Amino acid sequence: MSMPTSSVRGRFAALAQVIGGMLCLQFGSSYAKMLFPTFGATGMLGLRTFFAAIMLMVFFRSWHAISRRVLLLVLPYGLSLAGMNYFFYLALGRLPLGTTVALEFTGPLVLSFIQTRRWSDVVWTSLTLMGLVLLLRPESAISPDLMGILFALLAAAFWALYILFAHNLAGKLPSGQACSLGMLCGAVAVFVPCTAPALWTGLHTPTLLGLSVLVALCSSALPYALEMQAMQKLSAREFGVLCSLEPVSAALAGAMLLHEIPSFLHVCGILCVASASVGTVLTPQRTRSTPQEGPVLPD
């Protein structure tokens, strides 16, 4: 039985949503790194989650859905999101953007291996692994920053949890409400240690504080809203492998904004990762169950 046309369109739409979110995220991360000297890594995390939560809550009008049961449902998603961004920014302060994202992707990569169900999945994931090996190949004899690597691997673990918790919300809440309320939970969790000191610093540098609002839009509000939409059409495994396009967008952003020009081997790695990602998401499954869009929780 062939896949319905609407399903094919839906998978292409999910592919476009994830790629668009990745590009926004990595360009936003590049601008965030430029603001590290003023706000620090944790300060930028606080500002990013704070402003993004406000944007998403206003845009989706999610305050109408706030209840104890809904907040408990989105809390694991919000905390995993905050943890992922926290350790990502700590790693980004010590490592190049492309290296940080490539290491962080080991979380979704391990998740895709665990959840594989088809022989073609092994092919696509192996191709992804080959691309990551090329992307992580040392370019010099300089010793890597071990703390930066540890932070990136912790971000990888939280990224895998983020995928699982976010996919668990699909069909239980509208994607916009799930994303905005999850971001609100993350913003509350980091407000005192991260956001409040950064806001105080921003009062003395209003222009840079304004740039942090742009970072929040590009790094959180847009990408996570697009990802929640995509998760309505993709399984957790599909989304995990599709996220292997992250090193591609990171390499583009690093080259254009941070002047981190990739080598020939890095370009080969990018092509491997891109091919595996597109192949995975467009390969039909024998059975699919599409979650219903819309809330299933009582008001």
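Remember, predicted model here, so these are calculated numbers, not experimental data.
- The backbone N or O of A216 lies less than 3.5 Å from no partner atom in the side chain of S219, so there is not a single donor-acceptor pair.
- Among V213, L214, L56, the single residue meeting the side-chain contact (heavy atoms from CB on, under 4.5 Å) criterion with F51 is V213.
- Summarising the geometry of V215 relative to G28, their closest heavy-atom pair is CG1-O, 3.8 Å, with the distance given to 0.1 Å.
- With values rounded to the nearest 0.5 angstrom, L47 atom CG is found 9.5 Å from T42 atom OG1.
- P193 approaches P197 most closely through the heavy-atom pair O-CG, 3.8 Å.
- The minimum heavy-atom distance between P223 and G21, with the atom names listed, is CB-O, 3.2 Å.
- Between A198 and G43, the shortest heavy-atom contact is CB-O, 3.6 Å.
- In this structure, CD on Q177 lies 11.0 Å from CH2 on W63, to the nearest 0.5 angstrom.
- Summarising the geometry of F88 relative to E104, their closest heavy-atom pair is CD1-OE1, 3.5 Å, with the distance given to 0.1 Å.
- Atom CG of L45 and atom CG of N85 lie 6.0 Å apart (nearest 0.5 Å).
- The hydrophobic clustering, which links ILVMFWY residues whose side-chain heavy atoms are closer than 4.5 Å, places L181 and L226 apart.
- Put simply, NZ on K33 and OG1 on T100 are 6.5 Å apart, with the number rounded to the nearest 0.5 Å.
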Acceptor/donor pairs from residues 182-191 side chains to any protein atom, 3.5 angstrom cut, sequence neighbours excluded:
none

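- With a 6.0 Å radius and a threshold of 12 heavy atoms from other residues, nucleotides or ligands, Y31 has its OH atom at or below the threshold.
- Residues L25 and S29 form a side-chain contact, since some pair of their non-hydrogen atoms from C-beta on lies under 4.5 Å apart.
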Enumerate donor-acceptor pairs with a distance under 3.5 Å from any side-chain N or O in residues 202-212 to protein atoms, sequence neighbours excluded.
residue, atom, partner, partner atom, Å
H204, ND1, W200, O, 3.1
T205, OG1, T201, O, 3.3
S212, OG, L209, O, 2.4

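- Rounding to the nearest 0.5 Å places CG of L75 at 4.0 Å from CG of L79.
- Open room surrounds OH on Y86; 12 or fewer heavy atoms of other groups in view lie less than 6.0 Å from it.
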*From CA spacing to verdict: ring pair (Phe, Tyr, Trp, His ring centres under 6.0 Å), Y89, F151*: CA-CA 9 Å; Y89 272 6; F151 289 145; over 10 Å; no
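- Nearest heavy atom pair, residue L73 against residue K172, reads CD2-CB, 4.2 Å.
- For the atom pair CG of L72 and OG of S67, the computed distance is 8.5 Å after rounding to the nearest 0.5 Å.
- Checking side-chain atoms of S180 against main-chain N and O of M57 turns up no donor-acceptor pair under 3.5 Å.
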